[in-house]
*Asks:* 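Got a structure for you, written out below as structure tokens; questions coming shortly.
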Amino acid sequence: MTEYGEPDVLRLVDLPDPKIGPDIVLVRVKAASVNPVDWKVRQGHLDGAFSVHFPLVPGWDLAGVVEGVGPAVREFAVGDEVVGYVRRDELQHGTFAELVPAPVRTLARKPTNVSFEAAAGLPLTGLTALQSLDAAEVTAGDTVLVHAAAGGVGSFAVQLAVHRGARVIGTASEANHDYLRSLGAEPVAYGPGLVDAVRAMAPDGVDVALDFVGGDALAASGELVSDPPRIVSIIDPAAVAELGGAYVFVRPDPDQLAELSGLVDKGVLRIEVAQTFPLAEAAAAHAASEVGHGRGKIVVTVP
């Protein structure tokens, strides 16, 4: 993209091959997933937070194969299969590309038992869920309320919390209740009456609330959690601060990403892919993400 705008600002073009700095891993991308932040970048909503350089390649998630490494890289070698949450301090070299220059700090080895398409759906959402649980100090015996529990971040948060030994109550539409049960959560409908519905399931309230949707869900969290610092939101930093909770904006972390990859291989985490689009149809992939699509990841495949 050479300007902000609607999905049609995304065009398939040829750019020079990326340079390989000392701690850079050049990755030949097999798949990249779409996250809501991608179309927010495209619309210019992150312009105040990041230095932006056009032409800009969008995308922060990838799964692919190492094509080359910088002289200071010891962690990976040519031919290694990797996943990455490739967020730099500026916006320019995204993952919707054949070749991506990824800082070594953004990568981990790909899970061995899933496809590249599925693996591409792990990094950003998986790390967001894990870092949210860590911020809330979720541990065995906690009762955890997960808002938007069937979504990309929420479904990982449910699985990770269950793995830690927590009881999980998850909000979702009725159509996704069986899905939440399959992940180990107790489903509850979102919307009016949520507080009463949760109190019917947990009369003393919940220990932790993880907000992945904002708005009324965050307000309900304040009524249900007795210990404010154990409310975490990825949506609204000001509103969660007013409640005494914590805001999480996901950070690259190679050790945590390796942990998540290992949990996929152990069968603890499952990744659901909803739709795939070829790279040439990245604009359509953005449009699909923007209108909402229920559960599962939207993935762009790179030939």
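Starting from 1, each residue takes its place in the sequence as its number.
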*Asks:* Using a strict 4.0 Å threshold on nitrogen-to-oxygen distance, state whether K110 and D80 make a salt bridge.
*Replies:* no
*Asks:* Got a second to check how far E259's CD is from L127's CG, nearest 0.5 Å?
*Replies:* 9.5 Å
*Asks:* Indicate the atoms forming the closest heavy-atom contact of A189 with L194, along with that distance.
*Replies:* O-CD1, 3.5 Å
*Asks:* Could you walk me through whether E272 and R295 pass the salt bridge (charged side-chain N to carboxylate O under 4.0 Å, His left out) check?
*Replies:* CA-CA 8 Å; E272 187 159 340; R295 67 175 188 253; 3.0 Å; yes
*Asks:* Checking E75 against L107 for the side chain to side chain contact (heavy atoms under 4.5 Å, CB included) test, could you report, in this order, the C-alpha distance in whole Å, the side-chain angles of both residues, the deciding distance, and whether it holds?
*Replies:* CA-CA 9 Å; E75 294 87 344; L107 300 175; over 6 Å; no
*Asks:* How about CD on Q92, more than 12 heavy atoms from neighbouring residues, nucleotides or ligands closer than 6.0 Å, or not?
*Replies:* yes
*Asks:* Taking all heavy atoms of Y247 and all of I235, pick out the closest pair and write down the distance.
*Replies:* CE1-N, 4.0 Å
*Asks:* Checking the side chain of D196 only, and the main-chain atoms of G193 only, is there a donor and an acceptor separated by less than 3.5 Å?
*Replies:* no
*Asks:* Find out whether V69 and L26 are in side-chain contact, i.e. whether some heavy atom of one side chain is under 4.5 Å from a heavy atom of the other.
*Replies:* no
*Asks:* Locate the shortest heavy-atom distance separating V162 from G184; write the atom from each residue and the value.
*Replies:* CG2-O, 3.7 Å
*Asks:* Cut-off 3.5 Å, side chains only: do D211 and S221 have a donor facing an acceptor?
*Replies:* no
*Asks:* Among residues two or more places apart or on two chains, list those pairs meeting salt bridge (Lys or Arg N to Asp or Glu O under 4.0 Å) that have a residue in residues 167-182.
*Replies:* R167-E186, D178-R181
*Asks:* If the condition is side chain to side chain contact (heavy atoms under 4.5 Å, CB included), which residues does F277 pass it with, not counting sequence neighbours?
*Replies:* Q275, E281, A284, A285, A288, I298
*Asks:* Sequence neighbours left out, what pairs pass salt bridge (Lys or Arg N to Asp or Glu O under 4.0 Å) with at least one residue falling in residues 33-47?
*Replies:* R42-E290
*Asks:* Surrounding CZ of F76 (heavy atoms of other residues, nucleotides or ligands, distance under 6.0 Å), is the total greater than 12?
*Replies:* yes
*Asks:* Do other residues, nucleotides or ligands put more than 12 heavy atoms under 6.0 Å from R251 CZ?
*Replies:* no
*Asks:* Run through D227, V232, V225 and flag the one making a side chain to side chain contact (heavy atoms under 4.5 Å, CB included) with P229.
*Replies:* D227
*Asks:* Step by step, work out the side chain to side chain contact (heavy atoms under 4.5 Å, CB included) result for S155 and L183.
*Replies:* CA-CA 8 Å; S155 60; L183 299 181; 3.9 Å; yes
*Asks:* Which pair of heavy atoms, one from F212 and one from S132, lies closest together, and at what distance?
*Replies:* CE2-OG, 3.7 Å
*Asks:* For H163, I'd like to know if atom NE2 has over 12 heavy atoms of other residues, nucleotides or ligands within 6.0 Å.
*Replies:* no
*Asks:* Can you name the ring pair (Phe, Tyr, Trp, His ring centres under 6.0 Å) partners of H286, sequence neighbours left out?
*Replies:* F96
*Asks:* Less than 4.5 Å apart, side chain to side chain, heavy atoms only: is that true for V299 and V34?
*Replies:* no
*Asks:* Which pairs count as salt bridge (Lys or Arg N to Asp or Glu O under 4.0 Å) when at least one residue sits in residues 17-28, sequence neighbours excluded?
*Replies:* R28-E67
*Asks:* Suppose we screen for ring pair (Phe, Tyr, Trp, His ring centres under 6.0 Å). Which residues come up paired with Y4, at least two apart in sequence or across chains?
*Replies:* F54
*Asks:* When you check the side-chain N and O atoms of S182 and R270, is any donor under 3.5 Å from an acceptor?
*Replies:* yes
*Asks:* What pair of heavy atoms forms the shortest contact from P55 to T2, and how long is it?
*Replies:* CB-CG2, 4.2 Å
*Asks:* With side chains defined as the heavy atoms from C-beta onward, is the minimum distance between L224 and V195 less than 4.5 Å?
*Replies:* yes
*Asks:* I need the minimum non-hydrogen distance between E3 and V9, along with the two atoms involved.
*Replies:* O-CG2, 3.7 Å
*Asks:* With no hydrogens and no angle check, do the side chains of D134 and Q256 hold a donor and an acceptor under 3.5 Å apart?
*Replies:* yes
*Asks:* With side chain to side chain contact (heavy atoms under 4.5 Å, CB included) as the test, would you mind laying out the steps for V146 and I169 before giving the verdict?
*Replies:* CA-CA 6 Å; V146 178; I169 299 171; over 6 Å; no
*Asks:* Measuring from Q131:CD to L160:CG, what's the distance to the nearest 0.5 Å?
*Replies:* 11.5 Å
*Asks:* Which distance, rounded to the nearest 0.5 Å, do you find between the CZ of R87 and the OG1 of T106?
*Replies:* 10.5 Å
*Asks:* Indicate whether the side chain of T95 and that of W60 have a donor and an acceptor atom separated by less than 3.5 Å.
*Replies:* no
*Asks:* Going by heavy atoms in the side chains, are V86 and P103 under 4.5 Å from each other?
*Replies:* yes
